[in-house]
Number of protein chains: 2
Amino acid sequence: MEITSYTDYALRVLIYLARSPNKQTTITEIADYFNISRNHLVKIVHQLGSKGFVKTTRGKGGGLVLQRPPAMINIGNVVRSMECHFNWVECFNPTQQHCRLLPNCGLKHLFAQAGEAYLKVLDSATLADVLLGITTVGLNSKIL
Amino acid sequence: MEITSYTDYALRVLIYLARSPNKQTTITEIADYFNISRNHLVKIVHQLGSKGFVKTTRGKGGGLVLQRPPAMINIGNVVRSMECHFNWVECFNPTQQHCRLLPNCGLKHLFAQAGEAYLKVLDSATLADVLLGITTVGLNSKIL
DNA sequence: TAAAAAATGTATTTATAATACACCTATTAA
DNA sequence: TTAATAGGTGTATTATAAATACATTTTTTA
């Protein structure tokens, strides 16, 4: 059980940007800082842009900045936007063959509840909350 | 975000056994029923045995049975026993390089909370609860 | 117009989970 | 005592998805 590095890196990009306010930050700078693939990061940043978390600017002097203040960026929202699926168990996956236990099986419902509980915790924190070492959920967030 | 089929199949084995009480069930029978790899299932069943969820019997007339009644088998316990890791984000993984954001980053703490919330829901249900189509957590379980 | 930076599409590599295969051990019944 | 049946073990292979690499395009500014 682990989120993809795709989502992981997206969160790190946002934290990096939040720590570097009032300036354009380049993808290359962030990739070098975390020592991760620049090409992979390009796609992550692009998606962060299309989902409205960062504002990207092409061309010389361009780069990326947060589109909203950290306290207005919800972590659950970011994870939901970046993680490509939440098929908690196989029966959530529409491309899989039908499990013979369905529909008389409570697993799907139970794991749906568990997944909701997981995401609800992430929904309770903003980027401002995770900038510090200890997450004091809500202390730095004004929304949700 | 998805549990491995290893854990998924383990749960299905337990459900299958709960639905076939008072008889020895063979691995081959279960593999055929779900149309999954018998070899894979052998290892899953072995681990279910070593963790005390099923009792396996070798030799002619052998097979497997639940070691306890369904209401005494906790789903969270099964998932914790079968899933090989819960590295919710990379920084939980001891084999990974150290992320430069640590230790001044609240992500690890937040995802630890989210993971706990996820498992807590699974802890609230027993095998007896998921035997029916709709999980009515606690209704069929006498413990936790 | 040159340099810098993101955008896009495709191909390749890597990691690991899943599966297959070969053989071993235990049990029972003929 | 032997054949059949069933789980146990270790290793090798395959499949899949994620991660990474590469090539090229588009945008912007000095």
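Computed from heavy atoms alone, side chains included, the values below leave out hydrogens, waters and symmetry copies. If you're wondering where the values come from, they're calculated on a predicted model, not measured in any experiment. Chain naming here is simple, since letters A, B, ... match the order of the sequence lines and numbering starts at 1 in each.
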Worksheet item: Quick check, are the ring centers of A:Tyr16 and A:Tyr33 under 6.0 angstrom apart?
Response: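 Ring-ring flag for A:Tyr16/A:Tyr33: true, centres closer than 6.0 Å.
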Any side-chain heavy-atom pair from [X] and [Y] closer than 4.5 angstrom?
| X | Y | answer |
| --- | --- | --- |
| B:Phe34 | B:Val13 | no |
| A:Leu66 | A:Leu127 | yes |
| A:Leu122 | B:Leu110 | yes |

Sorted by number, the residues of [range] with heavy-atom contact under 4.0 Å to DNA chain C:
| range | result |
| --- | --- |
| residues 57-66 of chain A | A:Thr57, A:Arg58, A:Gly59, A:Lys60, A:Gly62, A:Gly63, A:Leu64 |
| residues 81-89 of chain A | none |
| residues 1-12 of chain B | B:Thr4, B:Ser5, B:Tyr6, B:Tyr9 |

Practice prompt. Give every residue pair that meets the salt bridge (charged side-chain N to carboxylate O under 4.0 Å, His left out) criterion with at least one member in residues 14-39 of chain B, sequence neighbours excluded.
Written response: B:Lys23-B:Glu29
Could I get a table of every N or O pair under 3.5 Å where one atom is in the protein and the other is in nucleotides 14-16 of chain D?
none

Worksheet item: Does anything in residues 14-41 of chain A reach DNA chain D, meaning a heavy atom under 4.0 Å, and if so which residues?
Response: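 Nucleic-acid contacts, sorted: A:Ser37, A:Asn39, A:His40.
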With sequence neighbours left out, write down each residue that passes side-chain hydrogen bond (donor to acceptor under 3.5 Å, both in side chains) with [X], or none if nothing qualifies.
| X | value |
| --- | --- |
| A:Arg80 | A:Asp123 |
| B:Glu116 | none |
| B:Glu90 | A:Arg12 |
| B:Asn87 | B:His85 |

Fill in: B:His46 NE2 to D:dA6 C1', straight-line distance once rounded to whole Å
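The distance from NE2 of B:His46 to C1' of D:dA6 comes to 14 Å, rounded to the nearest Å.
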Fill in: Contact list for residues 43-67 of chain A, test side chain to side chain donor-acceptor pair (under 3.5 Å), sequence neighbours left out
A:Tyr6-A:Gln47
Worksheet item: According to the interplanar angle, ranging from 0 to 90°, do the rings of A:Trp88 and B:Tyr118 count as parallel (below 30°), tilted (30 to 60°) or perpendicular (above 60°)?
Response: tilted
Discussion item. If we check side-chain contact (heavy atoms from CB on, under 4.5 Å) with A:Ile36, which of these qualifies: A:Ile44, A:Asp8, A:Leu41?
Written reply: A:Leu41
Discussion item. On DNA chain C, compare the nucleotides closest to B:Lys43 and B:Asn93; which residue's is nearer the 5' end?
Written reply: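 Nearest nucleotide further toward 5': that of B:Asn93.
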Worksheet item: Under a criterion of less than 4.0 angstrom to any heavy atom of chain A, what are the 5'-terminal and 3'-terminal contacting nucleotides of DNA chain C?
Response: C:dA4 to C:dT10
Worksheet item: For A:Val121, does its backbone N or O pair with a side-chain atom of A:Ser124 as donor and acceptor, under 3.5 Å?
Response: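 Pair found, side chain donor or acceptor close to backbone of A:Val121.
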Fill in: N/O donor-acceptor pair under 3.5 Å between B:Thr126 side chain and B:Met72 backbone
no
